[in-house]
Amino acid sequence: MHASRSHLPAPGDADALLRLVAACRAPAHLPSLRAAHARLLSLLHPSHPSAAPARVKLIQAYASCSALPAARAVLESSCSLYHGAAAAAATVCFNVLIRALTTASLHRDALRLFASMRPRGPAWFPDHYTYPLALKSCAATKDLLLGLQVHSAVARLGLDANRYVAHSAISMYARCGRPEDAYRVFDGMQHRDVVSWNAMISGFSRAGLFERAVDVFKEFVALQCSLPDAGTMASILPAMGSAKAEDILFVRKAFDEMQFKELISWNAMLAIYANNRYHVKAVELFLRMENDGVEPDSVTLATALPPCGELSAFSVGKRIHEIIKRKRMLPNSILENALMDMYASCGCLKDAREVFDSMSSRDVISWTSIVSAYGKHGHGREAVDLFEKMLGQGLEPDSIAFVAILAACSHSGLLDVGKRYFDSMTCRYHITPKAEHYTCMVDLLGRAACIGEAYDFIRTMPIEPNERVWGALLQACRIHSNMDIGLVAADSLFRLVPEQTGYYVLLSNMYARAGRWADVTLVRSVMADKGIKKLPGASIVELGDRVHTFHIGDRCHPQSEMIYQKLDELLQKIRGMGYNPEVEATLHDIEEEDKEGHLSVHSEKLAIAFLLINTSPGTPIRVTMNLRICGDCHLAAKLISTITSREIILKDTNRIHHIVQGACSCGDYW
DNA sequence: ATAGGGTTAG
């Protein structure tokens with residue numbers, strides 16, 4: 001592409017030289033650029049009609065070759081050459097260089113250069129191109145004071161009617177924590193286009209006013225003046241963190257009605273599903289992209305990987321890895337970290353480790369991912385070794401890294417190690433523990449049978465214990481049959497009226513065991529009042545590109561007959577191996593009986609039977625469930641793994657059970 | 001010859 005020195009256009013061929021300049025976009029092109037510059041000198045004389053555009057092109061080219069001093073030198077020589085009427089031409093040079101600085105995120109430098117314009121004399125006025133850039137840098141540096149100054153200068157000059165200026169002012173105010181001022185600018189605009197609406201939607205989103213962002217989005221769609229675009233989708237995304245179902249439907253409808261869907265629209269829709277735990281919807285959307293021939297980029301893939309992990313959609317996740325390799329997207333730490341997590345979440349610790357080992361550089365997130373991968377699989381010792389290795393590399397663990405190591409300790413019952421990490425987190429690293437850390441500690445202590453200590457821990461913690469903290473204690477009390485503290489935990493949990501439906505079952509079971517039937521009734525009525533439906537135990541499995549869901553006692557599946565037949569056959573066989581379904585009732589819900597009065601078959605058993613029927617011998621069985629696994633199913637799964645010689649990978653809401661030949665990676669500690 | 005809103009990982 002690029003002419004070497006000897007193939008440079010002749011000095012007289014200005015057009016060819018300028019084309020060459022414009023094509024210099026990377027540091028490697030710098031020699032050609034310098035050579036072309038040298039041959040262009042006569043053209044750059046102010047008397048030449050093309051002098052101004054040529055200088056602009058040179059500044060742009062130097063800037064995109066990361067040669068900012070050279071770009072600056074061209075600017076300065078322009079300043080000394082232009083006078084009076086020609087100054088507008090120099091303003092363009094400033095604009096171009098400021099633009100280069102903002103795209104390089106050098107916002108302070110951009111603002112310095114902006115501020116240096118007017119002291120040079122009355123000829124160097126910033127114009128309607130300069131102000132949007134300056135406001136953008138104010139927004140990026142959260143410099144409200146300067147932003148206000150710039151905006152008032154804009155108003156004095158009468159440039160505030162310019163929509164580019166207005167849009168950047170909206171964004172500046174919102175990002176500097178003044179959404180109402182942003183709205184005032186928006187409201188005062190005579191004519192609004194898509195970008196005006198996007199700026200306002202994004203403004204409210206960024207300022208944390210999610211409902212208002214959604215309202216503006218809806219108003220915009222209802223107006224039907226112009227159609228939402230990719231910018232609209234991306235702007236509403238931060239406001240859709242835990243969105244209402246109807247709002248997600250609304251956005252999806254707007255997305256569906258877009259005639260030309262840019263990649264960012266797909267990516268934003270994917271992210272909205274992923275952030276709202278609509279994992280199946282997210283994977284379906286990704287599959288549709290593949291079907292429609294939409295070329296994914298690294299953002300698409302990084303967004304699609306977590307839902308694959310959540311669903312244990314291993315074949316889709318694996319395919320994404322192939323796409324990443326084919327498109328030569330690595331090294332890319334965001335993708336690699338997402339890949340590790342997807343593999344770990346699918347129960348493929350080995351693949352996660354391979355990604356980790358292949359990385360060229362690892363940040364705290366990478367280490368946290370691999371630590372949590374080992375932790376979830378019940379390999380606490382390895383998790384601790386890796387965590388120590390990270391410290392040895394001089395990396396500073398953050399709050400989330402400690403959640404990972406504490407969770408790893410609790411999953412493996414490493415009581416003393418876990419306590420030590422909790423102490424070092426506060427004393428050595430001065431990280432204030434959050435509810436997640438306390439939950440890990442209560443879980444660690446409680447399941448290690450130190451129920452009293454766990455309870456004391458909750459009583460002395462400096463923040464208000466949330467439902468998860470009490471839930472961890474209640475869980476421990478159930479395991480260790482501690483009725484006294486269990487009821488305290490249940491009462492506290494009930495007072496909080498948990499959002500998580502899973503706790504209600506645990507709660508009412510505890511009350512039932514204590515014979516507190518009035519409270520059982522009360523729990524039910526609270527659930528009814530709040531319109532909370534019992535979370536039906538469900539398991540999902542991936543077969544091919546399809547995700548199959550099984551519910552407790554499910555008979556809707558087309559293969560239902562075969563599944564139950566297979567299950568009967570399996571349960572018959574393992575009965576002789578110590579399996580006795582009478583012993584453990586059911587953790588999920590003691591009220592869950594079918595019409596014949598028998599306990600309904602748990603969904604994970606149905607899912608296992610389904611996969612045994614539909615996959616060839618030796619294929620690992622992967623099941624993801626929405627509750628914790630119960631003891632009965634855990635034992636059944638272990639024995640089934642023995643008689644069928646299948647690996648069974650069961651992911652529940654808490655961890656992963658990797659079962660091989662009758663032995664589970666959790667060591668029966670969960 | 002230049003300007004505005006906007007997507008990804010633990």
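The aromatic ring of A:Tyr164 sits over the base of B:dA3, with ring centres less than 5.5 Å apart and planes inclined by under 30°.
The side chain of A:Ile365 has B:dG10 as its nearest neighbour among B:dG10, B:dT7, B:dG4. Comparing B:dT7, B:dG10, B:dT8 against the side chain of A:Asn267 picks out B:dT7 as the nearest. Looking at the side chain of A:Asp341, the nearest of the listed nucleotides B:dT8, B:dG10, B:dG4 is B:dG10. When each of B:dG6, B:dG10, B:dT2 is scored by its nearest atom to the side-chain atoms of A:Ala234, the top-ranked nucleotide is B:dG6. When the nucleotides B:dG5, B:dT8, B:dA1 are ranked by their closest atom to the side chain of A:Val56, B:dA1 comes out on top. Side-chain proximity of A:Asp363 to B:dG10, B:dT7, B:dA9: nearest is B:dA9. You'll find that the side chain of A:Asp398 is closest to B:dG10, out of B:dG6, B:dG10, B:dA9. Of all nucleotides listed (B:dG10, B:dG4, B:dT8), B:dG10 comes nearest to the side chain of A:Thr368. Distance from the side chain of A:Ser171 is smallest for B:dG5 among the nucleotides B:dA3, B:dG10, B:dG5. The side chain of A:Leu133 lies closest to B:dG4 when the candidates are B:dT8, B:dG4, B:dG5.
Distance, A:Tyr173 OH to B:dG5 P: 15 Å, rounded to whole Å. Put simply, CD1 on A:Ile170 is 11 Å from P on B:dG6, counting in whole angstrom units. The distance from atom CZ of A:Phe356 to atom P of B:dA9 is 20 Å, rounded to the nearest whole Å. Atom NE2 of A:His128 is separated from atom C1' of B:dT2 by 9 Å (rounded to the nearest Å). Across the protein-nucleic acid pair, A:Ile59 atom CD1 and B:dT2 atom P stand 12 Å apart, rounded to whole Å. Counting to the nearest Å, the P atom of B:dA3 and the CZ atom of A:Phe114 are 16 Å from each other. Between A:Met329 atom CE and B:dA9 atom P there is a gap of 15 Å when expressed in whole angstrom units. Whole-Å rounding puts the A:Ile320 CD1 to B:dT8 P distance at 16 Å.
A distance-only check finds a donor-acceptor pair linking the side chain of A:Asn276 to the backbone of A:Ala243 [under 3.5 Å]. In this structure a side-chain-to-backbone donor-acceptor pair under 3.5 Å is missing from A:Ser369 to A:Met340. Judged purely by atom type and a 3.5 angstrom limit, A:His377 has no side-chain atom pairing as donor or acceptor with the backbone of A:His379. Of the possible donor and acceptor atoms, one in the side chain of A:Arg192 sits under 3.5 Å from a partner among the backbone N and O of A:Asp187.
Salt bridge annotation for A:Glu290-A:Arg319: present, with a cationic side-chain nitrogen under 4.0 angstrom from a carboxylate oxygen. Comment: A:Asp357 engages A:Arg353 in a salt bridge, judged by a side-chain N to carboxylate O separation of less than 4.0 angstrom.
As judged by a 4.0 angstrom heavy-atom cut-off over every strand, A:Arg175 is placed among residues touching the sugar-phosphate backbone only. Within 4.0 Å (heavy atoms only), A:Glu336 reaches no atom of the nucleic acid at all. Backbone-only engagement by A:Ser369 is indicated by non-hydrogen atom pairs under 4.0 Å involving sugar-phosphate atoms exclusively. Within the nucleic acid shown, A:Ala271 has no heavy atom closer than 4.0 Å to any nucleic acid atom. Contacts of A:Arg163 with the nucleic acid, taken as non-hydrogen atoms under 4.0 Å apart, include base atoms. Using a 4.0 Å heavy-atom distance criterion, A:Ile264 is classed as a base contact. Note on A:Val364: a base of the nucleic acid sits closer than 4.0 angstrom, heavy atoms only.
Side-chain atoms of A:Ser168 and base atoms of B:dG4 include no donor and acceptor less than 3.5 Å apart. At a cut-off of 3.5 angstrom, counting only N and O atoms as typed in the model, there is no donor on one side facing an acceptor on the other between the side-chain of A:Asn162 and the base of B:dG4.
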Donor-acceptor contacts, no H, no angles, side chain residues 326-335 of chain A, under 3.5 Å, sequence neighbours left out:
from, atom 1, to, atom 2, distance (Å)
A:Lys327, NZ, A:Glu295, OE1, 2.4
A:Asn332, OD1, A:Ile334, N, 3.0
A:Asn332, OD1, A:Leu335, N, 3.1

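Enclosure of atom CD in A:Glu76 by more than 12 non-hydrogen atoms of other residues, nucleotides or ligands within 6.0 angstrom is indicated.
In this model, the phosphate group of B:dA1 is not approached by any side-chain N or O of A:Arg55 to a distance below 4.0 Å at OP1 or OP2. A sub-4.0 Å separation between OP1 or OP2 of B:dT2 and a side-chain N or O of A:Lys57 is absent. Residue A:Lys136 places none of its side-chain N or O atoms closer than 4.0 Å to OP1 or OP2 of B:dA3.
Within residues 187-204 of chain A, the residues approaching DNA chain B are A:Asp193, A:Val195, A:Asn198, A:Ser202, by heavy-atom distance under 4.0 Å.
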Show your working on side-chain contact (heavy atoms from CB on, under 4.5 Å) between A:Val74 and A:His37 and close with a plain yes or no.
CA-CA 10 Å; A:Val74 178; A:His37 186 179; 4.0 Å; yes
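Ring pair A:Phe356/A:Trp367 is perpendicular by interplanar angle, where above 60° counts as perpendicular and below 30° as parallel.
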